[in-house]
Amino acid sequence: MHFGILKKFVCAFLVVALLPLVGLSLFTWLYINQAGVDILDSSQTSLKHYSITLLETQVKTIANEVEDLLATAVSDLRLLSIVPPTPDAFEAFVRERTREVWTPDPSTAAMGKTLQSLPLYCEASFIDRSGIERISIRGGHDTSGCDVSAGAQSVHGPENYFCETRDLAPGEIYVSHLVGWHMDREPTGGGPGAYRGYYRFAQPVYREGVFTGVITLALDQRHLMELTQHVLPFGMESVVSPDYFSGDYAFLFDDEGWAITHPKAWDIRGADRQTGRLVDPRSDTYTEAALKSGAVPFNLLHVPFIHPSYQEIAQNALSGNAGIARARNVSGIPRILAYAPIRFSHGAYGKSGVFGGVTLGAQINLFRQIVTETSRDIDGLLKKILRNLAVFIVLSGVGVTFIAIWLARSFTRPILAIKDGVGEISRGNYAVDLPVSSRDELSLLANDVCRLGIQLKKHVQDIDAHYVERARLMEDALKRRQLVESVFTNILSGLVVFDHQGVILSANPRAADFLKQHEAELIGRHVNDIFGPFPKMLDLIVGERDQPDPVLSSIDMKLPDGQTIYFETTRARLVSETDPGEKKILFIFRDVTKRKTMEAQLNRSNRLVSMGILAAGIAHEIRNPLTGISLMLDDLHDRMATRTEERLMMESALNEIEKLDAIISELLAFASKSTTNPKASDLNHAVNLTLFFVQKQYKKARITLTKDLFTHLPPIQIDTEKMKQALLNILLNALAALSETDNGQVTITTAFVPASDILGGKPAVILSVRDNGPGIAKKDLEFIFDPFYTQKAGGFGLGLSITHTIIEEHAGKILAESEPGRGACFTIYLPAGEPEAASPAD
């Protein structure tokens, strides 16, 4: 009997279709129950873990929102310090800063919600240096005139912020703890808006280095309450006021453990209305009964009688840690508490860097209820799947038997025809005709096979061309990426990319070198942590991040060693073509200190040239008539031999003319471009010659003159006489500055450096003159090399100008440093070659 393809197909189809169904049935009956148990256990574990993770995420989100609100208050305080101190300007400032809060809607039967726009700050004020409020915007009106120099008694409690803020350094900020009165317990419980209080932000104001007063903002506590009042532990739903007795609510506490937001208003930190002070949580009056009655506010660090976990939660959060703990509230409801720290480093919170913490609780019974309901649903679902699977297997077995026979007959003939056609195509005969008329997918397949033969060769050619083009595009993309990475790595500016939350995404080596960290250490950290030591940069970074146009700025910063450096910065928003909603910020900063220094030196040189030209013109115009006057007075003097009184007057006039002539001579010496004859000379020799001329004067004035000269200086090209004149001017100025000082000292040193930044990295010989006199005022230091600028009685103000000109003629630089009361130092940098080798004795 011939066992043809039809019989084989039917047998094979039945075996392949029915055997897996039978095996699946046995496997299902044997293992479905155990699988259900495993799935149920896994689901319970995963659900618990997910619930706890969701709770932790919720509490960290609240902490971030509080940190953002506090940062906004600090930024607004700094912005208010530059606003014109007028009532209208302050009122407009407060009016423009509002946030929406939820309030109960009494018009509905159910507890609904309405949004109300509430000012962010309940007070903005300016207090002058004597403690008088010159501007005080409260409730939209100016209530100035109060004296707060010895403290203030506001409607929310006593304060003494003026004295503490007045003693702060420029740029520092005073931040108070929560100011408000403790509320008595209400029969119906607390609610949003029941408590009134604020946080005082204050900053001293300096104008040209002089303290002029204090500027303050009072952050309304209701905005902090808004961040915790409507949160539920699970899901996306929100409430106007949480049900305290459910245990599902959040609250904030400060760095001293006091609750600062809470569903119960009497648990919030507040001063006693009789004494004006906070209750001492360590006293005998701070008991469980007093806390439950609402007589005292809630302090997490001192409520072991409620639950010992509260103290652990507060200590962990104030140490900067987040976590999960079990506890119960004052009403005894067991809860799962998630907690997280609130980071803030201004005012009284600067030492710990933590403002306080946030907790979010959920009833333990709620966890169990969710897990139980889910377990019941999963168990029912598994049983239903088991029943349906059994029915499906039985019906499938019957149906497959009939379908296999029918399909076998309808498949075999077309399949064989298509097989023959494919064989023809594989042999290169693309024009095939397949006689398939089944009017189903096999017929369509036969037609497609015919068309396939015609198009196959074209498609093969197109594919080859596509791969060639794709390879070229990938090579171009790789080159562009390498170019961008090379620019990002080697650019001289520091580049930092961070997201809208302030988390650093990328930084180039120049930025890492400036921040003294490795590139990998910067990724994932917050800009507040990295740029905290550079507040001016941080202010630019955390500015308006939605600004579409690049923001260019120039800033200067003072390093701990006293050096001032200058930066040019650019902050720009990056928009991704693939995801326009993704917000990234690029911050570019470049050190331009050298350029600023060169610009200052160039401006000074330009002023000296202009003053020199003016001085020369004036001197020439004055000298000629002055010479004529002198000759005429001299002739009159000789004619009045017998008139003693008139001769004395003539002599006095001639002496004054000689003084004017001396001034003119100095002007001409300063303005003239005298010939410089540089020769290879030892700078120490010029120093010793100059000291020879001033030793007696210094000894007579009882001023100690010492020298510390490097004995192997290389010869440099200098005009010895002019260099003596430049050094002599500096020494005579030091002599005049120390004439009224006891124990005056002047030290002259020379040195050699192989690469000086002042001279562009070239070798230099350095001459330094330092004294311990009264020093030079900071406001005068910039102009001491200008002509006619002097603070010395009887001086012309030309000595240092001439010295500056001489040093520039030698292609050198002269710099002056001074602190009032600590003397002054003049340093001269002159181009040099390599020094001589020092002997062992040296």
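Quantities reported herein were computed from a predicted structural model and do not represent experimental measurements. Basis for what follows: all heavy atoms, side chains included, without hydrogens, waters or symmetry-related copies.
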I'd like to check [X] versus [Y] (side-chain heavy atoms, cut-off strictly below 4.5 Å). Are they in contact?
| X | Y | value |
| --- | --- | --- |
| Phe826 | Asn733 | no |
| Val74 | Leu77 | no |
| Leu830 | Leu767 | no |
| Leu731 | Gln697 | no |
| Arg129 | Val210 | yes |
| Ile173 | Arg78 | yes |
| Ile730 | Ile814 | yes |

Measure the spacing between [atom1] of [X] and [atom2] of [Y] and express it to the nearest 0.5 Å.
| X | Y | atom1 | atom2 | answer |
| --- | --- | --- | --- | --- |
| Arg770 | Ile748 | CZ | CD1 | 13.0 Å |
| Lys722 | Ile807 | NZ | CD1 | 11.0 Å |
| Lys813 | Ile828 | NZ | CD1 | 13.5 Å |
| Phe589 | Arg571 | CZ | CZ | 15.0 Å |
| Leu586 | Ser506 | CG | OG | 9.5 Å |
| Leu732 | Leu800 | CG | CG | 10.5 Å |

Which side-chain N or O atoms in residues 682-692 pair as donor and acceptor under 3.5 Å with protein atoms at least two apart or in another chain?
residue, atom, partner, partner atom, Å
Asp682, OD1, Asn684, N, 3.0
Asn684, OD1, Thr750, OG1, 3.0
Asn684, ND2, Phe710, O, 2.7
Asn688, OD1, Lys707, NZ, 2.7
Asn688, ND2, Asn684, O, 3.2
Thr690, OG1, Ala686, O, 2.8

Apply side-chain hydrogen bond (donor to acceptor under 3.5 Å, both in side chains) to Asn772 and list each qualifying residue two or more places apart in sequence or on a separate chain.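 Expected list: none.
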Under the side chain to side chain contact (heavy atoms under 4.5 Å, CB included) test, which residues partner [X], sequence neighbours left out?
| X | result |
| --- | --- |
| Asp757 | none |
| Thr212 | Val205, Arg207 |
| Asn729 | Gln725, Ile802, Thr803 |

Would you name the heavy atoms of [X] and [Y] that are closest together and state the gap between them?
| X | Y | result |
| --- | --- | --- |
| Thr165 | Ala202 | OG1-CB, 3.4 Å |
| Ser756 | Ala764 | CB-CB, 3.8 Å |
| Pro84 | Phe90 | O-CE1, 3.8 Å |
| Ser681 | Thr720 | OG-OG1, 3.7 Å |
| Thr827 | Ser768 | OG1-OG, 4.0 Å |
| Ile716 | Ala832 | CG2-CB, 3.5 Å |

Which residues pass the salt bridge (charged side-chain N to carboxylate O under 4.0 Å, His left out) test with [X], sequence neighbours left out?
| X | result |
| --- | --- |
| Glu164 | none |
| Glu172 | none |
| Arg702 | none |

Requested in this report: Determine, step by step, whether Ile758 and Leu815 satisfy the side chain to side chain contact (heavy atoms under 4.5 Å, CB included) criterion, reporting the C-alpha distance in whole Å, the side-chain angles of both residues, the deciding distance to 0.1 Å, and the verdict.
Outcome: CA-CA 10 Å; Ile758 303 299; Leu815 303 177; 3.8 Å; yes
When Thr706, Asp708, Asp771 are each screened for side-chain hydrogen bond (donor to acceptor under 3.5 Å, both in side chains) with Thr747, the one that passes is Thr706
List for me each residue that meets ring pair (Phe, Tyr, Trp, His ring centres under 6.0 Å) alongside [X], sequence neighbours excluded, and say none if there are none.
| X | value |
| --- | --- |
| His810 | none |
| Phe693 | none |
| Tyr566 | none |
| Tyr829 | none |

Checklist entry - Does the Ser818 side chain pair with the main chain of Gly823, one donor and one acceptor, at a distance under 3.5 Å? => result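 Yes, the answer is positive, given that a donor and an acceptor are paired below the 3.5 Å cut-off.
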Note to self: Using only atom types and a distance under 3.5 Å, with no angle test, would you say the side chain of Ser130 pairs donor to acceptor with the backbone of Asp128?
What the structure shows: no
**OP:** Please indicate whether Gln717 has more than 12 foreign heavy atoms, meaning atoms of other residues, nucleotides or ligands, lying under 6.0 Å from its CD.
**Re:**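 Counting other residues, nucleotides and ligands, CD of Gln717 exceeds 12 neighbours.
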